[in-house]
Amino acid sequence: MARSHTPGRLVSADDVDDTGATVLHVDMDAFFAAVEILEDPSLAGKPVVIGHPSGRSVVSTASYEARRYGVNSAMPMATALRLCPDAIVVPPRHALYAEYSRRVMRVFHDITPTVEPLSIDEAFLDVSGAVRLLGRPASIGRMLRERVAEETGLTCSVGVAGTKFLAKLASGMAKPDGLLVIPVDGALDILHPLPIRALWGVGGKTEESLARLGLRTVGDVAETPLPVLRRAVGDASAARLHDLANGRDARRVETERVEKSVGHEETFETDVADAAFLERELLRLSDRVAARLRSEGLTATTVSIKVRSADFSTKTRSRSLPEPTCVGRRIYEESVTLFRELCPEVLPVRLIGVRAERLSSGGHAASLWDPDEAWRDTERTVDSLRARFGTAAVTSASLLRKDAPPDRAR
Ligand code: TTP
Ligand code: MG
């Protein structure tokens, strides 16, 4: 089911069975080094080591060219330079990596609201809800890799499996720049021949204890009776290792905390007195607020607007909705109504904003009568187009009108 490209690296064939493999693990390849190479293309193809050049520091990461010499993360810089004297040492620039990380995570959120970031360069995604719109898990994984490359110029590796542990294992096996599916039915065939160290959380000490029992592979651990494992590594570890070795991992992909409100606002360079233009701004802002709500799996029950006039006086107005919504059109209707109640006294306007409040998670409320259904479906389609082609590719028709005042702030 998998074929090997470079030694040790596995990628899935196009026709691999990904049924039920709805957990994706994405990890950027040689992240800090890849960002530095992107910023300075003269480094491409060279052994690049990220870290401070002093002999006492340690390596943050190394390009795959440098890894061929045995250079690795956390290795003393002096050792790295001994192994690879031609290495180009680049001091880390953390703010830059954080910015790239945000861009990568944004791509993930375009695909599903269920994103669990693990570190600066990796995350789990649960794509079970995205399958209907975006296709099978493996093709979502391929699309994600393309989108990350388009948006950032960086490569990543993707593991696709039925559980978090197996998805993470798969992305590691696919590295660099690959995608590997571990089919739900074939998981144990892949898992059992691996060394014990492949089990999540097995470090040197645990490995030693298990080796003393004569256990070498994950399959050995799977076959060992639980009481025997307990005596070797303690109750908690034993249960976890036994589960993982048998392909069991009930942990779900956990999204980040629920936010209190979601808002967007626009400050104009020159004050705007054109009410029709301001209403189109409200449509654009409402669309953005709604897209944020949908991408985080949230709905709102209150819509508020903020209008700051040329004299800096600021008015906010809010309305409660009969039903929670994540639909831009609904948010726009409420905000335009609020805006018209304030007009024309607030003109000319310096800043305008839309905010969704009283948020709850778990999609829209189930109600028999759903006035937003058609809009929501349309906007979800827009979300999926944006996931494929990027935000700029899709916009509301009324935003394309060319009669915007020339003084509009960009
Ligand atoms: P990793 O994902 O572990 O490594 P990587 O992205 O460089 O390479 P790959 O995933 O292809 O194996 O870590 C992500 C970044 O975190 C890495 O680029 C640098 C930083 N990091 C450190 O600073 N110190 C470390 O010990 C490790 C492991 C990572
Ligand atoms: Mg990485």
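The figures here come from the full heavy-atom set of this structure, side chains too, leaving out hydrogens, waters and symmetry mates. Ligands are counted one by one from 1 in listed order, and the atoms in each one are counted from 1 as well. On a predicted model such as this, the values are computed, not experimentally measured, just so you know.
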Engineer: Of all the atoms in ligand 1, which lie at a distance below 4.0 Å from a heavy atom belonging to Y64?
Structural biologist: 9 (P), 11 (O), 12 (O)
Engineer: Report yes if some N/O of A30 lies less than 3.5 Å from some N/O of ligand 1; otherwise report no.
Structural biologist: yes
Engineer: Classify the side-chain pair R358/S320 by whether it contains a donor and acceptor separated by less than 3.5 Å.
Structural biologist: yes
Engineer: Backbone or side chain, does any N or O of V59 fall under 3.5 Å from an N or O of ligand 1?
Structural biologist: no
Engineer: Going by heavy atoms, is E122 under 4.0 Å from ligand 1?
Structural biologist: no
Engineer: Closest non-hydrogen protein atom to atom 26 (O) of ligand 1, residue and atom name please, with distance?
Structural biologist: S73 CB, 3.7 Å
Engineer: May I ask you to establish whether R280 and F277 are in a cation-pi arrangement, using a distance under 6.0 Å from NZ or CZ to the six-membered ring centre and at most 45° from the ring axis?
Structural biologist: no
Engineer: Is the NZ or CZ atom of R251 positioned over W200's six-membered ring, under 6.0 angstrom from the centre and within 45° of the axis?
Structural biologist: yes
Engineer: Can you give me the OD2-the Mg ion (ligand 2)-O angle for D121 and M28, to 10°?
Structural biologist: 90°
Engineer: Any carboxylate oxygen within less than 4.0 angstrom of a Lys/Arg side-chain nitrogen, looking at K205 and E208?
Structural biologist: no
Engineer: With under 30° as parallel and over 60° as perpendicular, where do the rings of F32 and H94 fit, or are they tilted in between?
Structural biologist: perpendicular
Engineer: Say whether P176 and ligand 1 are in contact under the criterion: heavy-atom distance to a ligand atom below 4.0 Å.
Structural biologist: no
Engineer: Could you tell me whether ligand 1 has any atom less than 4.0 Å away from a heavy atom of Y97?
Structural biologist: no
Engineer: So, R136 and T19: side-chain donor and acceptor under 3.5 Å apart, yes or no?
Structural biologist: yes
Engineer: If you take all heavy atoms of A300 and L293, which pair is closest and at what distance?
Structural biologist: CB-CD1, 4.1 Å
Engineer: Checking a contact table here: which protein heavy atom is nearest atom 18 (O) of ligand 1, and how many Å away?
Structural biologist: F32 N, 3.0 Å
Engineer: Do you know which of V59, V89, T61 makes side-chain contact (heavy atoms from CB on, under 4.5 Å) with I50?
Structural biologist: T61
Engineer: Can you confirm if the NZ or CZ of R67 lies within 45° of the ring axis of Y64 and under 6.0 Å from the centre of its six-membered ring?
Structural biologist: yes
Engineer: Please check if any side-chain donor atom of S304 sits under 3.5 Å from a side-chain acceptor atom of R355, or the reverse.
Structural biologist: no
Engineer: Can you report which non-hydrogen protein atom sits closest to atom 21 (N) of ligand 1, along with the distance?
Structural biologist: S60 O, 3.5 Å
Engineer: How about atom 9 (P) of ligand 1: does it have a protein heavy atom within less than 4.0 Å?
Structural biologist: yes
Engineer: For the Mg ion (ligand 2), give me the closest N/O/S atom belonging to D27, just the atom name.
Structural biologist: OD1
Engineer: Could you tell me whether A33 and ligand 1 have an N or O pair separated by under 3.5 Å?
Structural biologist: no
Engineer: What is the nearest protein non-hydrogen atom to atom 4 (O) of ligand 1, stated with its residue, atom name and distance?
Structural biologist: T61 OG1, 4.3 Å
Engineer: Does R67 come within less than 4.0 Å of ligand 1, judged by its heavy atoms?
Structural biologist: yes
